Amino acid sequence: MAWGSADEESRRLVRGTGKPQKKPKMGEKLEMEEKRPNESGGKFYVITLTIFATIGGLLFGYDTGIISGSMLLIRDDFQLSEIWQSAIVSSTIGAAAVFSLIAGFLVDKIGRKKVIMLASFVFTGGAIMMAVSPVDQKEVLLVGRLIVGAGIGFASMSVPVYVAEAAPSHIRGSLVTVNQLFITIGILLSSIIAGAFSKDKENGWRYMLGIAGVPSVIQFFGFLFLPESPRWLVGQGRLEEAKKALKKIRELDNVDVELSEIERSVEETREQNKYNMFQCFVLMVKTQPVRRALVLGCLLQFFQQLCGINTVIYYSGSILRVAGFPSSLAIWLSCIPFTVNFLCTFIGVYAVEKAGRRVLTLLSFIGIIIALIVLGAGFQLSEKNSPPVSLRLDNYSSCHTKYDSCNGCIKDDNCGFCWEKEKEGSTGWCLHVYKEHPERYAKPENSTVTFYNESLCNATNYETEHYNWANDFCPTDYSWMAVLGLALFVIAFAPGLGPNPWTINSEIYPLWARGTGTSLATCVNWIGNLIVSFTFLLLLKTITTYGTFYLFCGISFLGMSILFFILPETKNKTLEEVEELFMSKEYKAMRDQEQKKKYAMDNNGYSELDGSKVDNSGYSGLDSSKM
């Protein structure tokens, strides 16, 4: 905070008297601050608490990843169009966005613990509904996805708050990042489970989606024995309960000093939150440095999503399928980018304080652009070298006569490509798809003109030793480029553009605007996520697969160019110094002049003025909401 902040003012007042206290000199510690390290307590209980809480992150990651593998089976069982596939994927995101806002209200109204338990209960119900969805009622599956999204929305808001408030200050940062780590673990776990059940064409997707209910049940019952956030209890005036909870979490008998600090913090927060969200937003827009910070925070979240990261997470199986891999292999190959994503998250945790936010973010963009070029080039080469349909059956069906290449054939939902294994990439047949068959093999046809060769990839007599069949991809020599591109993408994304928008957003706003600014930037993130996930399959169909990745590449280059000019380095800077990074010369001069008037005071160095009204600058007087 800048001069005159609520935190500073509270240190100058003797608790309960309202009288001024001598301002501590540079490097001098307050009595409370000197005692706090002696009350750090044990770590075992708080780590246990964190693990149970961050199961919510694991559920988020698992659901995000499992839809990639399960969709390869779901779309055939439910016979989903591109619109329905997009709806099944993106419905969870939309529900999560809405219910994360509702959770913001509930965590203050009914408590952090109850919202987390509500999230696990709702998620379990959604997982069960998805697992038992009848294949002739895709609407039931959609409702299940919406319910799961509600659970994710509740958890995404409540888990980080609960962990941050329960953790001791000296390990708070590490424990909060466990949630992000559990998200990547959930994504990796989903790919392994998807691979394990990929052979079961009839019920595999049911197990994939239903298993998500197991950890959510564990979380629900685990939280029955965990305490509520001490900070929330203090805010409700339940001091004895707060003291009991704090003793349990810290594994200490004496927590009076920390409890006093929490009481003081709660009082400060009440003062700082005297504006509603709309009033705070108006004030942010009027205040030049905060306005610049808000624009930067929202752009970071927007370009994080519009680079196409969630196409990798949600549709990695489909991408690999289109690249030329069969479903069973595509599901297992999805483990590669998910594993890389998990491992590279550790690089980001280490490098963010070494290399800095700005450098890491811009380097991340460069890596993502290279990865998208590899993906786009791979699919473009595959399409350009698509095997020809040079062998035709002597009958009158449109699939046999309409298309000259595999690429054209498989784009028709009614047609598929059949080729001899020893002649892969050189020639093949375009045949009608038997949509009622679980593998969607070629449909047996009766021809009065000539004898139909029953061994040509059809559902009644498919000779898998001699023929290959595909109705949504073509054989190609460039499949490796898809795997390489996906791996490069997550290698570049995980350490930089993945965590940095969240880290930077937590640093660039003054305390009075931090909640509103972070909420608005998060909302932009969800909106970008929804746009990408809902439009991806439609883009593949309208501007081709390689055109879609080139589009993401262009957006990423635009994002990198904009952020190159507006993203400052916040590494090793205090929050006061970060605020000054966004001030124009004129605004800073005006602020300095204001501070000279404010601090032309008594020997104690604090202002006799108080209760100043908010002006358009948002930084006049001693009101902490303007600093």
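All residue numbers in this chain count up from 1 along the given sequence. Every value quoted in this text rests on a predicted model; they were computed, and no experiment measured them. Just the heavy atoms: all of them, side chains too, but no hydrogens, waters or symmetry mates, feed the values below.
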message: What verdict does the side chain to side chain donor-acceptor pair (under 3.5 Å) test give for Asp200 and Tyr207, after you've listed the backbone C-alpha separation in whole Å, the side-chain angles of each residue and the deciding distance to 0.1 Å?
response: CA-CA 9 Å; Asp200 188 346; Tyr207 295 119; 5.0 Å; no
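- Two residues are said to be in side-chain contact when any heavy atoms from C-beta on lie closer than 4.5 Å; Asn385 and Thr476 fail this criterion.
- Side-chain N or O atoms of Tyr62 include none that pairs as donor or acceptor with a backbone N or O of Ile185 at under 3.5 Å.
- Using a 4.5 Å cut-off on side-chain heavy atoms (C-beta onward), Leu209 and Val148 make no contact.
- Each of Leu497, Leu551, Ile369 was compared with Ser556 under the side-chain contact (heavy atoms from CB on, under 4.5 Å) criterion, and only Ile369 meets it.
- A pairwise comparison of heavy atoms in Asn407 and Ile410 identifies O-CG1, 3.5 Å as the closest pair.
- Note that the CZ atom of Phe549 and the CD1 atom of Ile543 stand 10.5 Å from one another [nearest 0.5 Å].
- Looking at Phe121 and Gln219, their side chains never come closer than 4.5 Å, going by heavy atoms from C-beta outward.
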query: When you look at Trp526 and Gln301, which way does the side-chain contact (heavy atoms from CB on, under 4.5 Å) test go after all the steps?
result: CA-CA 9 Å; Trp526 282 114; Gln301 298 286 22; over 6 Å; no
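- Trp205 CH2 to Phe78 CZ: the interatomic distance, rounded to the nearest 0.5 Å, is 3.5 Å.
- Ring geometry, Phe552 versus Phe536: the interplanar angle falls under 30°, so the pair is classed parallel (tilted spans 30 to 60°).
- In this structure, the separation between CE on Met560 and OG1 on Thr361 is 12.5 Å, given to the nearest 0.5 Å.
- For the pair Phe417/Val389, a side-chain contact is recorded, criterion being any heavy-atom separation below 4.5 Å from C-beta on.
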Verdict with reasoning, Thr92 to Leu146, per side-chain contact (heavy atoms from CB on, under 4.5 Å): CA-CA 5 Å; Thr92 298; Leu146 288 169; over 6 Å; no
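- Around CZ of Phe302, the count of heavy atoms belonging to other residues, nucleotides or ligands within 6.0 Å does not exceed 12.
- A donor-acceptor pair under 3.5 Å links the side-chain atoms of Thr548 to the main chain of Thr544, judged by distance alone.
- To the nearest 0.5 angstrom, Ile183 atom CD1 is 10.5 Å from Leu59 atom CG.
- Proximity of Leu558 to Leu306: side-chain heavy atoms (C-beta onward) are nowhere separated by under 4.5 Å.
- The minimum heavy-atom distance between Ser91 and Arg145, with the atom names listed, is OG-CB, 3.4 Å.
- Distance check, rounded to the nearest 0.5 Å: CD1 of Ile192 to CD1 of Ile66 gives 10.5 Å.
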Evaluation steps, side-chain contact (heavy atoms from CB on, under 4.5 Å), between Val340 and Phe489: CA-CA 10 Å; Val340 172; Phe489 196 110; over 6 Å; no
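- Looking only at distances, no side-chain donor or acceptor of Ser405 sits under 3.5 Å from a matching main-chain atom of Pro387.
- Residues Ala53 and Val163 come closest through the heavy atom pair CB-CG2, 3.8 Å.
- The disulfide (SG to SG under 2.5 Å) search around Cys307 returns none, not counting sequence neighbours.
- Lys402 is not listed as a side-chain neighbour of Asn414, based on a closest heavy-atom distance of 4.5 Å or more.
- Put simply, the side chain of Leu296 reaches to within 4.5 Å of the side chain of Leu563, judged on heavy atoms.
- Separating the CD1 atom in Ile368 from the CG atom in Leu375 is a distance of 11.5 Å, to the nearest 0.5 Å.
- Here the two cysteines Cys399 and Cys415 have their SG atoms closer than 2.5 angstrom.
- Between Cys474 and Cys406, the SG-SG separation falls below 2.5 Å.
- In this structure Tyr546 satisfies the side chain to side chain donor-acceptor pair (under 3.5 Å) test with no other residue, sequence neighbours excluded.
- With hydrogens and angles ignored, the 3.5 Å screen pairs a side-chain donor or acceptor of Ser133 with a backbone N or O of Met130.
- Ala521 approaches Cys298 most closely through the heavy-atom pair CA-SG, 4.0 Å.
- Within the 4.5 Å cutoff, the side chain of Phe303 has no heavy atoms near those of the Pro501 side chain.
- Relative ring orientation between Phe99 and Phe154 is described as perpendicular, the plane-to-plane angle rising above 60° on a 0-90° scale split at 30° and 60°.
- Between Ala119 and Ala155 the shortest heavy-atom distance is CB-N, 3.7 Å.
- Nearest heavy atoms, Ala103 versus Gly153: CB-O, 4.1 Å.
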task: Let me see the working for Met284 and Tyr509 under side-chain contact (heavy atoms from CB on, under 4.5 Å), right down to the final yes or no.
output: CA-CA 9 Å; Met284 291 176 73; Tyr509 306 111; 4.2 Å; yes
